[in-house]
Undergrad: 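Please see the structure below; I have some questions.
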Amino acid sequence: MGSTLTQIAQQLIDANKKVQLIYAFNGSGKTRLSKEFKELVIPKSEDEESEVTRNKILYYNAFTEDLFYWDNDLENDSEPKLKIQPNSFTDWLIGQLKELGEDRNIITNFQRYANNKITPSFNEEYKYIGKDYNEREVEITVPAFSEVTFKIADSNNSEGIEVNYKTIKISKGEESNFIWSIIYTLLEQVISTLSELEADRISSEFNELEYIFIDDPVTSLDENHLIELASNLAYLIKSDTSNLKFIITTHNPLFYNILYNEFKNKYYKFKGTENQKITFKPNQSEKYRLSKNQDETFQLNIQSDDSPFSYHLFLLSEIKDAISNNQIKKYHFNFLRNILEKTSTFLGYKNWEELLEKIDDGNPHPFTNRIINLLSHSKHSLEEVSEPDANDNEELIKLVDFIVEKYGFWQKKEENA
C-alpha cells in the first residue's frame, strides 16, 4: 500500500537518524518531498516569516536555484550579472556569509567543483540613476552582495603582457554549481560554529537549527567532481558533533553509491597523537529508495543490503516488471540503453553496440540497434510517444533476455544475496 509524500516526510522525521539517504528517479517526487518535509517541521501557520523556517531547517533544492537569475542587459551591451532575488531567505543567507567573511570560501568551493579558471566576484554597494514605475528618474541603490559577475582570463593575451580578464556568462551547469557552493560554504560554517560551546560561538544564528535537506546537488557535475563533492559532503556530515539531522535525495546512482559507502564507515575525531573519539557510527544512517506508484502514491523502501544498491540490477528489475505487467513504456528503452552504456564501459568495449547480439556478418542486429537509438534518444516531437508498438516491445523483451543470459546479471545478483 502506497503513502503520501506527507506520510513519508513524517516517516523521515520519526526515524530520528543523523543521516537519511534517498535514491529516486527524476519525477519521483524528491523536490516535492523536501517541501512536504519543511511544512511538517514548520507548519504554514507558523511560517509567516522565513526567519522561523531558517531557524529550524535549511534546504537546497530546485527552488533554491530559482532565487538566482541573469541580468543580461543585452540592449545596453552591459556585463552579464547573476542577480540574487531579494527576499527574507536570501537576505539572511548572503548576510550571514558576508558577515562571516565567507566570500573567499565560496569562490574556492566553486572553482574546486566547477572551473578553476573562472573567478566569481560579489558586488560592492553602488548607486545609479534609473526610472521608477512612473518613468521618473530616481537614484537607485544596489546593495552589496546582491550581484555576481564571473571573470576569465582573455585568451587573446600575448606572452609577457599583463593578463586581461573578461566578464562572461557562465553555463547553466556552472551556475548550478555556484549556487550549491554558496549553500555548501554556509553548511561548512554551520557545522564549524555548532561544534563550539554555545558561549564560544561566533554567531547564535544556527543555535536552533535541526535539519538540513539537500536535494540533488550534483546534476551538472562530471564524474570526477561528483566523486570529490560526495566524499567532501560525507566527511563534513560525519564530522558534525551537533544534533543536526541530514536528509539527502538524489537521482544519480554514482553519488548515491559513494555516500552509501561513506556512511557505512565510522568517523574518528583525533585528539593529540593517540586519543581518538568516534563521532559517527554506521547505525546513525539509513538508506532508502523512493518510488512513485501508478496511483500517484509513493513507496519508501529501506535499502538493507550489505553492499550499495546496484543500479544496473535495479533498472533490469524495473524493465522485467514492466514486461511481466505488459506496461512497457518508452523510458524503459532509456533504461536499457543506460545499462548497455555502463556495462560496455565496465567490460572495456569502445561502443555499447558491441554488447548486442550479432548477425551472420558479425555486426549487431540492425533493427535492435535502430530501435534502441530511436526510442531512447528521440529528436522530433512526433517520436515522443509513451507507448512503443508491439514490434518494439518484442525486440526489447528479446534483448533483455539476451543480456541477462549473456552477461549474467541475475547470476551475479544471486552471488551477492
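Because the structure is a prediction, the values reported are computed rather than measured.
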Undergrad: Could you tell me which non-hydrogen atom of Arg201 sits nearest to which non-hydrogen atom of Leu194, and how far apart they are?
TA: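 In terms of heavy atoms, the two residues are closest at NH2-O, 3.4 Å.
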
Undergrad: Any idea how Phe150 and Phe178 line up, ring-wise: parallel (<30°), tilted (30 to 60°), or perpendicular (>60°)?
TA: perpendicular

Undergrad: Please report the C-alpha distance between Asn61 and Thr31 in whole Å, then the side-chain angles of each, then the deciding distance to 0.1 Å, and finally whether the side-chain hydrogen bond (donor to acceptor under 3.5 Å, both in side chains) criterion is met.
TA: CA-CA 6 Å; Asn61 58 23; Thr31 301; 5.9 Å; no

Undergrad: Is Tyr69 atom OH crowded by more than 12 heavy atoms from other residues, nucleotides or ligands, each under 6.0 Å away?
TA: yes

Undergrad: Is there a donor in the side chain of Ser171 and an acceptor in the side chain of Glu174, or the other way round, less than 3.5 Å apart?
TA: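 Note: Ser171 and Glu174 side chains meet the donor-acceptor criterion.
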
Undergrad: Would you say the rings of Phe335 and Phe25 are close, in the sense that their centroids are separated by under 6.0 Å?
TA: yes

Undergrad: Shortest non-hydrogen contact from Gly27 to Arg32?
TA: O-NH2, 4.2 Å

Undergrad: Does either side chain, that of Gln299 or that of Ser291, offer a donor lying less than 3.5 Å from an acceptor on the other one?
TA: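 Absent: no donor and acceptor within the cut-off.
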
Undergrad: For Tyr23, does the six-membered ring have the charged nitrogen or CZ of Lys287 within the cation-pi criterion, i.e. under 6.0 angstrom from the centroid and within 45° of the normal?
TA: no

Undergrad: Please determine if Lys398 and Glu394 form a salt bridge, counting it only when a charged side-chain N lies under 4.0 Å from a carboxylate O.
TA: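 Looking at Lys398 and Glu394, the cut-off is met.
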
Undergrad: Pick from Asn26, Leu226, Asn257: which one makes a side chain to side chain contact (heavy atoms under 4.5 Å, CB included) with Asn252?
TA: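 Of Asn26, Leu226, Asn257, side chain to side chain contact (heavy atoms under 4.5 Å, CB included) with Asn252 is met by Leu226 alone.
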
Undergrad: Do Asn105 and Glu102 have a side chain donor and acceptor closer than 3.5 Å?
TA: yes

Undergrad: For Thr4, does its backbone N or O pair with a side-chain atom of Gln7 as donor and acceptor, under 3.5 Å?
TA: yes

Undergrad: For Asp66, is the CG atom crowded, meaning more than 12 foreign heavy atoms sit under 6.0 Å from it?
TA: yes

Undergrad: Centroid separation under 6.0 Å, is that true for the rings of Trp180 and Tyr113?
TA: no

Undergrad: Going through the distances and angles, do Phe246 and Tyr211 end up as a ring-ring contact (aromatic ring centres under 6.0 Å, His included)?
TA: CA-CA 6 Å; Phe246 299 82; Tyr211 296 100; 9.8 Å; no

Undergrad: Among side-chain atoms of Glu395 and Asn391, is any donor-acceptor pair under 3.5 angstrom?
TA: no

Undergrad: Looking at Asn326, I'd like to know if its CG atom is crowded, meaning that more than 12 non-hydrogen atoms belonging to other residues, nucleotides or ligands lie closer than 6.0 Å.
TA: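 No.
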
Undergrad: Quick one: do Lys30 and Asp216 make a salt bridge, cutoff under 4.0 Å?
TA: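 A salt bridge is present here (some side-chain N lies under 4.0 Å from a carboxylate O).
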
Undergrad: Parallel, tilted or perpendicular for Phe263 and Phe280, by the 30°/60° rule?
TA: tilted

Undergrad: Using distance alone, with no hydrogens and no angle criterion, decide if Thr249 and Asp215 have a side-chain donor and acceptor under 3.5 Å apart.
TA: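 Per modelled atom types, Thr249 and Asp215 side chains form a pair under 3.5 Å.
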
Undergrad: Give me the atom names and distance for the closest heavy-atom approach of Phe145 to Ile84.
TA: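 In terms of heavy atoms, the two residues are closest at O-CD1, 3.7 Å.
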
Undergrad: Given the rule in the side-chain hydrogen bond (donor to acceptor under 3.5 Å, both in side chains) test, do Thr193 and Gln189 qualify, once you have shown the distances and angles that lead to the verdict?
TA: CA-CA 6 Å; Thr193 300; Gln189 185 60 62; 2.9 Å; yes

Undergrad: Taking atom types as modelled, is there a side-chain donor on Glu188 or Asn109 under 3.5 Å from an acceptor on the other?
TA: yes

Undergrad: How far does NZ of Lys17 sit from CG of Leu12, to the nearest 0.5 angstrom?
TA: 12.5 Å

Undergrad: Is there a donor-acceptor contact under 3.5 Å from the side chain of Thr90 to the main chain of Gln85?
TA: yes

Undergrad: Looking at every non-hydrogen atom in both residues, tell me the closest pair between Gln284 and Lys281 and how far apart they are.
TA: OE1-N, 2.5 Å

Undergrad: Under the salt bridge (charged side-chain N to carboxylate O under 4.0 Å, His left out) test, which residues partner Lys18, sequence neighbours left out?
TA: Asp240

Undergrad: Going through the checks in order, is the side-chain hydrogen bond (donor to acceptor under 3.5 Å, both in side chains) test met by Gln111 and Thr119?
TA: CA-CA 7 Å; Gln111 292 179 332; Thr119 302; 3.2 Å; yes

Undergrad: In terms of the angle between their ring planes, are Tyr260 and Tyr256 parallel, tilted or perpendicular, with boundaries placed at 30° and 60°?
TA: tilted

Undergrad: Taking the six-membered ring where the residue is Trp, are the ring centres of Phe37 and Tyr59 under 6.0 Å apart?
TA: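 For Phe37 and Tyr59, the ring centres are not under 6.0 Å apart.
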
Undergrad: Could you walk me through whether Tyr60 and Glu65 pass the side-chain hydrogen bond (donor to acceptor under 3.5 Å, both in side chains) check?
TA: CA-CA 8 Å; Tyr60 171 88; Glu65 295 194 11; 2.9 Å; yes

Undergrad: Side chains of Lys151 and Thr167: do they bring a donor and an acceptor to under 3.5 Å?
TA: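 Side chains of Lys151 and Thr167: pair found under 3.5 Å.
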
Undergrad: Measure across Leu340 and Leu355 and return the closest heavy-atom pair with its distance rounded to 0.1 Å.
TA: O-CD1, 3.3 Å

Undergrad: Do you know the tightest heavy-atom contact between Ala9 and Leu40?
TA: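 Taking Ala9 first and Leu40 second, the nearest heavy atoms are CB-CD1, 3.6 Å.
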
Undergrad: Applying the side chain to side chain contact (heavy atoms under 4.5 Å, CB included) criterion to Ser3, which one of Asn293, Leu300, Ile8 satisfies it?
TA: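 Among Asn293, Leu300, Ile8, the one that satisfies the side chain to side chain contact (heavy atoms under 4.5 Å, CB included) with Ser3 is Ile8.
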
Undergrad: In terms of side-chain geometry, is the basic nitrogen of Asp71 or Lys83 positioned less than 4.0 Å from the acidic oxygen of its partner?
TA: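 Salt bridge flag = yes for Lys83 with Asp71.
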
Undergrad: Take atom NZ of Lys35 as the centre, draw a 6.0 Å sphere, and report whether it contains more than 12 heavy atoms from other residues, nucleotides or ligands.
TA: no

